[in-house]
Amino acid sequence: MSPAAIAYKQLTPHPGWVEHDPLEILRNIRTCLNYCGVLDAIGLTHQGESVVAWDVQSRLPLYSAIIWQDQHTEKTVRQLMLFIESCYTMSLPEFHSRTPSGKPHCSFI
């Protein structure tokens with residue numbers, strides 16, 4: 001077995017924002033793969049809730065990888081929590097007509 005790992009930079013362009021460079025992540029993956037040579041299996045770990053949006057034509061990331069600790073949308077999440085709490089006082093049909101969709105951490109991309 002030939003394990004390989006490369007740490008990557010954590011970017012904090014503004015207070016509360018936590019991002020990673022998706023192209024750096026890809027470069028590090030390729031470097032690790034080249035280091036290992038012939039492969040029988042690959043194990044890849046990540047933080048699970050990171051988000052990267054890619055442009056289908058250019059094949060480049062639209063923005064940095066947004067990491068689970070990021071607080072870009074803290075205000076949106078607080079408002080969503082208040083909305084959900086208010087739904088407990090509504091009738092069921094009224095609740096279904098006001099249910100939001102989409103992930104709040106993607107709204108600024």
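Scanning all heavy atoms of the two residues, the minimum distance from His20 to Ile67 falls at ND1-CD1, 3.2 Å.
Under the rule for a side-chain contact (heavy atoms from CB on, under 4.5 Å), Pro15 has no partner lying at least two apart in sequence or in another chain. Legend: residues meeting salt bridge (Lys or Arg N to Asp or Glu O under 4.0 Å) with Glu74, ordered by chain and number and at least two apart, are Arg78. Trp54 meets the ring-ring contact (aromatic ring centres under 6.0 Å, His included) test with no other residue; sequence neighbours excluded. Applying the side chain to side chain donor-acceptor pair (under 3.5 Å) test to Asp55 and every residue at least two apart in sequence or in another chain returns Ser58.
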Considering only distance and modelled atom types, tabulate donor-acceptor pairs under 3.5 Å from the side chains of residues 23-31, sequence neighbours left out.
unit_1 : atom_1 : unit_2 : atom_2 : d
Glu24  : OE2    : Lys9   : N      : 3.4
Thr31  : OG1    : Arg27  : O      : 2.9

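Between Asp70 and Trp17 the shortest side-chain heavy-atom distance falls below 4.5 Å.
Distance check: Gln71 CD to His14 NE2 gives 13.5 Å after rounding to the nearest 0.5 Å. If you take OG on Ser64 and CD1 on Ile66, they are separated by 6.0 Å, rounding to the nearest 0.5 Å.
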